[in-house]
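I have placed the structure first, in the form of structure tokens, so that the comments after it can refer back to it.
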Amino acid sequence: MPEADNEGKLYFENIPQEGKLFFLKGSNELDWGMKNRLARIFNPNDGRTVMLAIDHGYFQGPTSGLERVDVSIMPLVPDADVLMCTRGILRAVVPPAMTIPIVMRASGGPSILKELSDEQIAMDMEDCIRLGVCATAIQVFIGGEFESRSVVNMTRLVDAGLRYGIPTMAVTAVGKDLERNAKYFRLATRICAELGAHYVKTYFVEEGFETVTAACPVPIVIAGGKKRPELDALKMAYDAIDQGAAGVDMGRNIFQSDCPTGMMKAINAIVHGNEKPEKAFELYQTIKNEKK
Ligand code: 5RP
């Protein structure tokens, strides 16, 4: 007999092979590649993520704070778990040796001058694979003028991603005329999850946010929304996590802060360190004062 299979004690017959459940809500039945990418987005130790969102230029051009991504944003990247950006910024500005997981903005079309819900899928899955992304992101406009098309766009991206093991993050967009309450976000997030999104980005609401996370069978991360005072933004992040969010995908409240590094670290302390907002604010202020 060849010697490859040796008799001995290395079969550990008495130790059953473990079949662990995957740590992320609603993701247990996904394939290995999907799970592996999701495990690079969400920290397997706590199931949470701090995503830094800098994709705003895809519809509003050089957004305040993002005028020079190379100068202003790259120093923040080491404190983020994930960078959410467009392929243009990724190829032009982000050093390939920066091994941070990328969530790729894959929808677009209208600018702020037009009807925003008129989006299309704006990227091939082939290019996402070429760029080694961990997930794609697409806007879904529930209640918007082009609601159906945006939902179908999402399902097409989900189908394309499933072929190659790339998860899809649906972003529940809020229009000028759309409501922003728990009932609306329950509807929007649940539709995204029912139709295949692997996780959903939505907005925090003061009343009933825990019903939004409870009714959504996949993880929810929150957007930061418009810039607000730092302590308020930290309170929002804390409340969202406390009420079941699996993290943040935050942009303006970080990069438009007067100390983006301080906000990045403070948000991290809340999401991964369970720090109270007041303590996280102290951390932000300390870093801000050190930088003066
Ligand atoms: C744009 C987006 C942004 O990534 C999102 O709004 C997060 O950024 P912010 O915290 O600034 O709201 O999806 O539609």
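Just follow the structure's listing: the first ligand is 1, and inside any ligand the first atom is 1. Side-chain atoms are counted along with the backbone in the values below, which use heavy atoms only and exclude waters and symmetry mates.
The contact set between ligand 1 and Arg105, taken as ligand atoms under 4.0 Å from a residue heavy atom, comprises 1 (C), 2 (C), 13 (O), 14 (O). Counting atoms of ligand 1 from 1 in the listed order, those under 4.0 Å from a heavy atom of Val171 are 13 (O). Less than 4.0 angstrom separates some heavy atom of Tyr203 from each of these atoms of ligand 1: 6 (O). The Ala53 neighbourhood of ligand 1 comprises atoms 4 (O), 7 (C), 8 (O), with distances under 4.0 Å to a heavy atom of that residue. Interface atoms of ligand 1 facing Gly225, defined by a heavy-atom separation under 4.0 Å, are 9 (P), 10 (O), 11 (O), 12 (O).
Here the heavy atom of the protein found nearest to atom 4 (O) of ligand 1 is Asp55 OD1, 2.5 Å. Among protein heavy atoms, atom 14 (O) of ligand 1 sits closest to Gln139 NE2, 2.7 Å.
When the heavy atoms of His56, Met250, Met51, Arg252 are ranked by distance to atom 8 (O) of ligand 1, first place goes to His56. Among Lys201, Lys227, Met84, Lys226, the residue whose heavy atom lies nearest to atom 3 (C) of ligand 1 is Lys201.
Hydrophobic clustering of Ile, Leu, Val, Met, Phe, Trp and Tyr side chains at less than 4.5 Å, counting indirect connections, keeps Phe59 apart from Tyr203.
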Steps toward side chain to side chain contact (heavy atoms under 4.5 Å, CB included) verdict (Met74, Met98)
CA-CA 9 Å; Met74 288 306 107; Met98 207 169 237; 3.8 Å; yes

For the pair Met264 and Ile287, evaluate side chain to side chain contact (heavy atoms under 4.5 Å, CB included) and give the outcome as yes or no after the intermediate values.
CA-CA 10 Å; Met264 211 52 250; Ile287 296 167; over 6 Å; no

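Using modelled atom types and a 3.5 Å distance limit, the side chains of Ser107 and Gln139 yield no donor-acceptor pair.
For Asn253, the heavy-atom gap to ligand 1 stays at 4.0 angstrom or more.
For Lys279, the NZ atom sits in a loose shell: 12 or fewer heavy atoms of surrounding residues, nucleotides or ligands are nearer than 6.0 Å.
With respect to Asp159 and Arg156, no salt bridge is recorded, no charged nitrogen being found less than 4.0 Å from a carboxylate O.
Of the candidates Asn268, Asn274, Asp81, Asn274 is the only one forming a side-chain hydrogen bond (donor to acceptor under 3.5 Å, both in side chains) with Arg48.
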